[in-house]
There are 2 protein chains.
Amino acid sequence: MKNERLILVTNDDGYASKGLSAAIEVARPFGRVVAVAPETTQSGMSQAITMYNPLYLRKVREEEGVEVYSFSGTPVDCVKMAFDYLLREERVDLMLSGINHGSNSAVNVLYSGTMGAAIEGSFYGCPAVGLSLDDHSADADFEAAMRYGTQIVETLLSGPVELPLCLNVNVPVGRSEELRGIRLCRQNRGFWREEFYRHEDPRGREYFWLTGAFVNSEPDAEDTDEWALRNKYVAVVPVQTDLTDYGQLRNLRRSFPSACDSDPASRK
Amino acid sequence: MKNERLILVTNDDGYASKGLSAAIEVARPFGRVVAVAPETTQSGMSQAITMYNPLYLRKVREEEGVEVYSFSGTPVDCVKMAFDYLLREERVDLMLSGINHGSNSAVNVLYSGTMGAAIEGSFYGCPAVGLSLDDHSADADFEAAMRYGTQIVETLLSGPVELPLCLNVNVPVGRSEELRGIRLCRQNRGFWREEFYRHEDPRGREYFWLTGAFVNSEPDAEDTDEWALRNKYVAVVPVQTDLTDYGQLRNLRRSFPSACDSDPASRK
């Protein structure tokens, strides 16, 4: 039974990253694992798709119960390649994206390739988890992220879950025994302000490089993922994709009084 | 007074696209226009940012009241370059992203570079509008999109508006007199299923190319942007960026009973 399950793994740091291997190890005890990950680093790629380029698929590793592919597109391209081509005839039980080198809390969920892939995965009828560790270093210690990732995957595979379900899981730095447990949170409000690093390339052309600082708009809000991370909790935020601003939909009726009302109940 | 206003224009089709010129013409009567648009086509780039490459800025055109720059990054990079560098000392009154060649209704709001830029713009304290025409052709007729775009820009600049405000505006094909007016909508539910076009390149390597079909999960829902577009209305959806799924946040308390409750009110 256990080995009949199928887990899809992807990430945005690329097929060769340490975090992908860690995610595969998290998934492996639960069944067969297929990983389809980007050929190159795709950090900050959000939910981007490749429209105007051909994409190349390559099997990079195969062993008992694990297949790893690299795909030359974005994280979302990888998810589409998996569900719509490689695994088209199969039932995927869960998708795991990560383990990301660096957190994706707060507004970072919008820019994150890890979360772009997780969101895309949740469109295909299985629970999807984006798992990130608040440590950008190449030799980060994934022990706590793996332990909590395992707990979350186990919970989702064993319990009844309502779909669609997409979780943004962010793990603080530290060994698992130093962490305070899982905390269910909402997305913190905040934004980035960029300082453009400005320099000249070897040919004398001026270039710019993004280098920003996150501004937390609500540092004291204890129900947010940022607060949880800063306070050594594993932050779990369920994510949805209806971006409609229903509050503004009401406000806009005043700005556009001649607009046709789209609420069927209020039309004659 | 009128000419003291500053409008930022961007897009995802690139600085040389016909749609950018149309957007500049929409903005021009309302004040000074600065356009910062991608050097190359960035369709489907979502809210992606460039983290691991230097970016080049180039002024491509300057005339009375209009400056046009190309920037070698994504649409969001362009917005950040404008607000955080070029216009850092100035007050931007409105941001207009588009006019996009192709609609960005329903789930396309998530993949769209046009809307990625508009969302990013709304983080900088001014109303932001993503304006798209439901016609992919290079010689699309932008008359109706320009007319309705003008009406919307005028409304936002003249009225009091609550911020943040980001509008996803999609205009059907047709002359403005054939359209039925503005309709305030919510985002349609649906998703893409991809058919990967598969072929061999001239060197015998197999490649894949995304080619999908949109599945409308609620074709009869008259309060959605898809329905409005199909029925010759200009669809206006206000967009927000808190992705928290509050319904699932409640459900998950059952799945993770040992999780710390992040709702301050319910803790002792």
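Source: prediction; values computed, not measured. Side-chain atoms are counted along with the backbone in the values below, which use heavy atoms only and exclude waters and symmetry mates.
Taking chain B as the reference chain and counting heavy-atom pairs below 4.5 Å, the highest number among A/G44, A/P238, A/S255, A/S46 is found for A/P238. Among the candidates B/W192, B/F123, B/Y197, the residue making the largest number of heavy-atom pairs closer than 4.5 Å to chain A is B/F123. For the options A/A228, A/S43, A/P164, A/G181, heavy-atom pairs under 4.5 Å to chain B are most numerous at A/S43. Among A/T244, A/L252, A/L243, A/L165, the residue making the largest number of heavy-atom pairs under 4.5 Å with chain B is A/L243. Ranked by non-hydrogen atom pairs under 4.5 Å with chain B, the options A/L110, A/V161, A/T241 are led by A/L110. Highest contact tally toward chain B, considering only A/Q151, A/R254, A/R198, is held by A/R198 [criterion: heavy-atom pairs under 4.5 Å].
Relative to the six-membered ring of A/Y124, B/R193 meets both conditions, a distance below 6.0 Å and an angle of at most 45° to the axis. Taking the centre and axis of the six-membered ring of B/F196, the NZ or CZ atom of A/R88 falls outside the cone set by 45° and 6.0 Å.
In this structure, A/Y56 OH and B/Y207 OH are separated by 7.5 Å, a value rounded to the nearest 0.5 Å. Atoms OG1 and CE, on A/T74 and B/M45 in that order, are 8.5 Å from each other to the nearest 0.5 Å. To the nearest 0.5 Å, atom CD of residue A/Q42 and atom OH of residue B/Y52 are 11.5 Å apart. If you take CD on B/Q187 and CG on A/L249, they are separated by 12.0 Å, rounding to the nearest 0.5 Å. Taking CG of B/L57 as the start and CZ of A/R205 as the end, the distance is 12.0 Å to the nearest 0.5 Å. The CG atom of A/L210 sits 6.5 Å away from the CG atom of B/L55 when rounded to the nearest 0.5 Å.
Aromatic rings of A/Y85 and B/F208 (six-membered ring for Trp) have centroids within the 6.0 Å cut-off, being under it.
Sorted by first and then second residue, the pairs that involve residues 227-250 of chain B and meet salt bridge (Lys or Arg N to Asp or Glu O under 4.0 Å), not counting sequence neighbours, are B/D134-B/R230, B/E226-B/R230. Applying the salt bridge (Lys or Arg N to Asp or Glu O under 4.0 Å) rule to pairs touching residues 102-124 of chain B yields B/K80-B/E120, sequence neighbours excluded.
B/F83 does not touch chain A: none of its heavy atoms, backbone or side chain, sits under 4.5 Å away. No part of B/V234 comes within reach of chain A, as not one of its non-hydrogen atoms sits under 4.5 angstrom from that chain. Heavy-atom distances place the backbone of B/N53, and not its side chain, under 4.5 Å from chain A. Contacts of B/T41 with chain A are made by side-chain atoms alone, with heavy-atom separations under 4.5 Å and no backbone atom involved. The parts of B/I152 that come within reach of chain A are both its backbone and its side chain, each placing non-hydrogen atoms under 4.5 angstrom from that chain. Of the atoms belonging to A/V237, it is side-chain heavy atoms, and not backbone ones, that fall under 4.5 Å from chain B.
Below 4.5 Å, heavy atoms of chain A meet no heavy atom from residues 211-220 of chain B.
Across all non-hydrogen atoms, the minimal contact from A/Y111 to B/Q47 is CD2-O, 3.2 Å.
The backbone N or O of A/Q248 lies less than 3.5 Å from no partner atom in the side chain of B/Q240, so there is not a single donor-acceptor pair. Counting only distance, with no hydrogens or angles, the side chain of A/D84 and the backbone of B/E194 share a donor-acceptor pair below 3.5 Å.
Residues passing the side-chain contact (heavy atoms from CB on, under 4.5 Å) test with A/T114 are A/D12, A/S97, A/N100, A/N104, A/S112, A/S132, sequence neighbours excluded.
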